[in-house]
Protein chains: 2
Amino acid sequence: MQRYFGDRSTAVSVVDLVEHFRGEMNKVTVYRILSRMEAEGIIHSFSGSDGLKWYAACKQCTNHSHYDHHPHFQCKVCGMIECLEISLPIPKLKNRKVDTEIILLIGECETCAS
Amino acid sequence: MQRYFGDRSTAVSVVDLVEHFRGEMNKVTVYRILSRMEAEGIIHSFSGSDGLKWYAACKQCTNHSHYDHHPHFQCKVCGMIECLEISLPIPKLKNRKVDTEIILLIGECETCAS
DNA sequence: TTCTTATTGCAATTAGGTTGCAATAAGAAA
DNA sequence: TTTCTTATTGCAACCTAATTGCAATAAGAA
Ligand SMILES: [Mn+2]
Ligand SMILES: [Mn+2]
Ligand SMILES: [Zn+2]
Ligand SMILES: [Zn+2]
């Protein structure tokens, strides 16, 4: 599982992971390893637009602080999701205190757009 | 159900709706009416940070075009979600075509912050 | 009324995700 | 090596959101 995330730069849904490791390990084990790796700061998770859970490798996270508050981009054609190493400004709202923003940009990736 | 959304300015999760109309109508009916109202442009839906489905009244939608591409704000204390009538700039990405952004701002609402 | 379509209730099912518990694997201590 | 202890895994069962099939009822048009 460690190797799986080490070799890829894009995110992967839990559904796909369970399918990928089917026959090799139980789906409960997949969920548990993912939880462990997230707690250790190796990967981070987020919800896709359809509500499914996705995971991706962390680039600058430790088990004490997750630097995973970055936007993600999903291609509406092939479904691929990738982490964006950019930081967008958090808008200020009157009478409300905003401290986090969850952003999912949707469009077409390089492959699907050409 | 129409009245329910007409009287409120915040979003409501489907779970809460099913609970609210329990005894009055079947949960399947709740889901079906919501689908219908969304198709008619009366309400719009989105996923919360936990993956649950939420609905809110549309202010400028028709059955032909949904103007529901606005950010939402969720209070991490009371869980309330509201539509934000602001539009944030869609960032440009190299080699990718971005046409939609799903944004959920998280923080504390006026009531919970004071 | 009669025919036709739209809506609803209920049970069953699907799908993502979790929990309990026993079995096994891995490590440390002796 | 042997023994004790902890961590990991498999499997079945369970939970909850959401969907589907189908019969029953309601609503409208003819
Ligand atoms: Mn990421
Ligand atoms: Mn909204
Ligand atoms: Zn693509
Ligand atoms: Zn609040």
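Chain letters run A, B, ... following the sequence lines, proteins first, then strands; residues in each count from 1.
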Exercise for review: Return the value, rounded to whole Å, for the distance between atom CE of M37(B) and atom P of dT8(C).
Suggested key: 12 Å
Study note, to complete from the structure: Side-chain atoms of I33(A) come closest, of dT18(C), dT9(D), dT19(D), to dT9(D)
Check your understanding: Has R36(A) got a side-chain N or O lying under 4.0 Å from the OP1 or OP2 atom of dT9(D)?
Key -> yes
Exercise for review: Using a heavy-atom cut-off of under 4.0 Å over every strand shown, decide if V15(B) touches base, sugar-phosphate, or nothing.
Suggested key: sugar-phosphate
Point to revise | Heavy-atom side-chain contact between S47(B) and S47(A) under 4.5 Å | key: no
Review point. Can you find an N or O donor on one side and an acceptor on the other, under 3.5 Å apart, linking the side chain of K27(A) with the base of dG17(C)?
Key: yes
Check your understanding: If you look at every strand shown and take non-hydrogen atoms under 4.0 Å, does K53(B) touch a base, only sugar-phosphate, or nothing?
Key -> sugar-phosphate
Check your understanding: Can you check the Y55(B) OH to dA18(D) C1' distance for me, whole Å?
Key -> 10 Å
Review point. Using purine N1 to pyrimidine N3 plus N6-O4 or O6-N4 for Watson-Crick, or N1-O2 and O6-N3 for G-U wobble, both under 3.5 Å, which nucleotide pairs with dA27(D)?
Key: dT4(C)
Study note, to complete from the structure: The answer to which of R32(B) and L52(B) contacts DNA chain D further toward the 5' end, by nearest nucleotide, is L52(B)
Check your understanding: Within the structure shown, what part of the strands sits under 4.0 Å from V14(A) by heavy-atom distance: base, sugar-phosphate, or nothing?
Key -> sugar-phosphate
Review point. How many Å lie between CD on E24(B) and C1' on dT7(C), as a whole number?
Key: 15 Å
Practice item. Could you check whether the rings of H44(A) and H70(A) sit parallel, tilted or perpendicular, using 30° and 60° as the cut-offs? Key: perpendicular
Study note, to complete from the structure: Any strand, both distances under 3.5 Å, Watson-Crick or G-U wobble: dG17(C) pairs with dC14(D)
Point to revise | From R22(B) atom CZ to K27(B) atom NZ, the distance as rounded to the nearest 0.5 Å | key: 12.0 Å
**Study point:** Within-4.5 Å side-chain heavy-atom neighbours: H20(B) and V12(B)
**Key:** no
Review point. Applying a 3.5 Å limit to both distances, which nucleotide forms a Watson-Crick or G-U wobble pair with dA11(C)?
Key: dT20(D)
Review point. Of the candidate nucleotides dT9(D), dG9(C), dG10(D), which contains the atom at the shortest distance from the side chain of N26(A)?
Key: dG10(D)
Check your understanding: Between M25(A) (CE) and dA25(C) (P), how many Å, whole number?
Key -> 15 Å
Practice item. Give the ring-plane orientation class for F46(A) versus H72(A), where under 30° counts as parallel, over 60° as perpendicular and anything between as tilted. Key: parallel
Practice item. Would you mind reading off the distance between L34(B) atom CG and dT19(D) atom C1', rounded to a whole angstrom? Key: 14 Å
